Amino acid sequence: LTEVDVASLESPLQRMVEDLGQVTHKQVDLRLESEDVMVSQAARCLLREVLVHAVRNAVDHGIEAPDQREALGKDPRALVKITCQAVEDSVLIRVRDDGAGVDVERLKQQCVEQGVISREEAEALDREAALQLVFRPGISTSESVTAISGRGAGMDIISQSIQGCGGEVSLASERGKYAELSIRVPRTSIQPARPGRRKCPRRAVYYYLPILDAHGEHLGRLIDASAGGIMATHQSPIALEEVLEVTLHGPEEMGDPRVV
């Protein structure tokens, strides 16, 4: 398979951040640093969708308004920094913003109120473990619904997508200083999906990552991850015991991917 440099994602992500800055009235720079990391076209597609979602969340939820940043002694112009490096047979990507960080206590309280964990379980969690609650379905770090990132369908989508191809994801944060999303993806575990009806192996994985850009355009794609027996729709993952044929829908159709 032809491989491409992950650094090729920088230009489209920068354009998206510029658009988001206009919509949110925030001043944000994006920088991508890559150590000549090469991945397949399909892996690039997956990483693009995940990074679009992660950067959108960082700008919309994490970055403060310029006047707020100045009042806190910060540069009014925020930075979202993406670093990529090859680690053995994996790609390690970190998305770090210098925004408000995550309020861990509010996050735990939200999980308790929604019945994700009990109050006793929340109290027993250390800070690092509590931060991972953000990947639970329906949980969001946003205090309000916006047209950019919405609420409750954010980090869990990233987690499901990365874990669906055998990867790992985690979050680190310090309140008032930063939030950093770490993503580790096997370089060779993602195979390209072709449009149309096709035969596929039993327990293959096809998932659709539903992401909108700043203008509401659909960026999501179906990916054949060939691992784990999960099909994720824009609503929820569907466990598949046996998959013989699937119809792959393009972004213009935007229906649930259905097994046929």
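In this text, all values refer to a predicted model and were calculated from it rather than measured experimentally.
Side-chain contact between Lys177 and Asp98 is absent, with no heavy atoms from C-beta onward closer than 4.5 Å. Between Gln41 and Val4, some side-chain heavy-atom pair lies under the 4.5 Å cut-off. At a threshold of 4.5 Å between non-hydrogen side-chain atoms, the residues Arg77 and Asp29 count as touching. Taking 4.5 Å as the limit, some side-chain heavy atom of Asn57 sits within range of a side-chain heavy atom of Met155. Using a 4.5 Å heavy-atom cutoff, the side chains of Leu20 and Asp60 are not in contact. Using a 4.5 Å heavy-atom threshold, the side chains of Leu133 and Lys108 count as touching. Proximity of Ile139 to Gln114: side-chain heavy atoms (C-beta onward) are separated by under 4.5 Å at one or more points. The side-chain heavy atoms of Val116 and Gln110, taken from C-beta on, include no pair separated by under 4.5 Å.
Side-chain atoms of Glu35 do not come within 3.5 Å of backbone N or O of Gln85 as any donor-acceptor pair. Side chain of Gln132 to main chain of Ser170: no donor-acceptor pair is present (N/O by atom type, distance under 3.5 Å, no hydrogens or angles). In terms of modelled atom types and a separation under 3.5 Å, the side chain of Ser161 and the main chain of Ile157 share a donor-acceptor contact. Not one N or O on the side chain of Asp5 forms a donor-acceptor pair closer than 3.5 Å with the backbone of Ser8. Judged by distance alone, the side chain of Glu3 and the main-chain N or O of Val39 form no donor-acceptor pair under 3.5 Å. Without hydrogens or angle criteria, Gln68 side chain to Ala65 main chain gives a donor-acceptor distance under 3.5 Å.
Atom CD1 of Ile63 and atom CD of Gln27 lie 11.5 Å apart (nearest 0.5 Å). Rounded to the nearest 0.5 Å, atoms OG (Ser11) and CZ (Arg15) are 6.0 Å apart. Atom OG1 of Thr24 is separated from atom CD of Glu64 by 12.0 Å, given to the nearest 0.5 angstrom.
With hydrophobic clusters built from ILVMFWY side chains whose heavy atoms lie under 4.5 angstrom apart, Leu46 does not share a cluster with Met38.
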Check the pair Val185, Cys165 against side-chain contact (heavy atoms from CB on, under 4.5 Å), reporting the backbone distance first and the verdict last. CA-CA 7 Å; Val185 182; Cys165 65; 3.9 Å; yes

Go through it in stages, so that I can follow the logic: the residues are Val134 and Val102, the test is side-chain contact (heavy atoms from CB on, under 4.5 Å), and I'd like the CA-CA distance, side-chain angles, deciding distance and then a yes or no. CA-CA 9 Å; Val134 76; Val102 178; 5.9 Å; no

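When all heavy atoms of Arg48 and Leu9 are compared, the pair lying nearest together is CB-CD2, 3.5 Å. Shown here for Gly101 and Ser173, the closest heavy-atom pair between the two residues is CA-OG, 3.3 Å. The two residues Val112 and Ser118 come nearest to each other via the heavy atoms CG2-O, 3.9 Å. The shortest heavy-atom contact between Val169 and Gln163 is CG1-NE2, 4.5 Å. Heavy-atom minimum distance, Leu92 versus Arg184: CD1-CB, 4.3 Å. Closest of all the heavy-atom pairs between Leu32 and Cys84 is CD2-SG, 4.4 Å.
A search for side chain to side chain contact (heavy atoms under 4.5 Å, CB included) contacts involving Glu180 returns Arg94, Arg96, Tyr178, Ser182, not counting sequence neighbours. Lys81 is linked by a side chain to side chain contact (heavy atoms under 4.5 Å, CB included) to Arg31, Glu33, Leu79, Thr83, counting only residues two or more places apart in sequence or in another chain.
Counting only N and O atoms by type, the side chains of Glu18 and Gln22 include no donor and acceptor under 3.5 Å apart.
Just one of Leu51, Val37, Leu181 meets the side-chain contact (heavy atoms from CB on, under 4.5 Å) condition when paired with Ile93; it is Leu51. Just one of Leu13, Val50, Val80, Leu30 meets the side-chain contact (heavy atoms from CB on, under 4.5 Å) condition when paired with Val95; it is Val80.
In this structure, Arg119 places its CZ atom where only 12 or fewer heavy-atom neighbours from other residues, nucleotides or ligands lie under 6.0 Å away. The number of heavy-atom neighbours closer than 6.0 Å to CD of Glu128, taken from other residues, nucleotides and ligands shown, is 12 or below.
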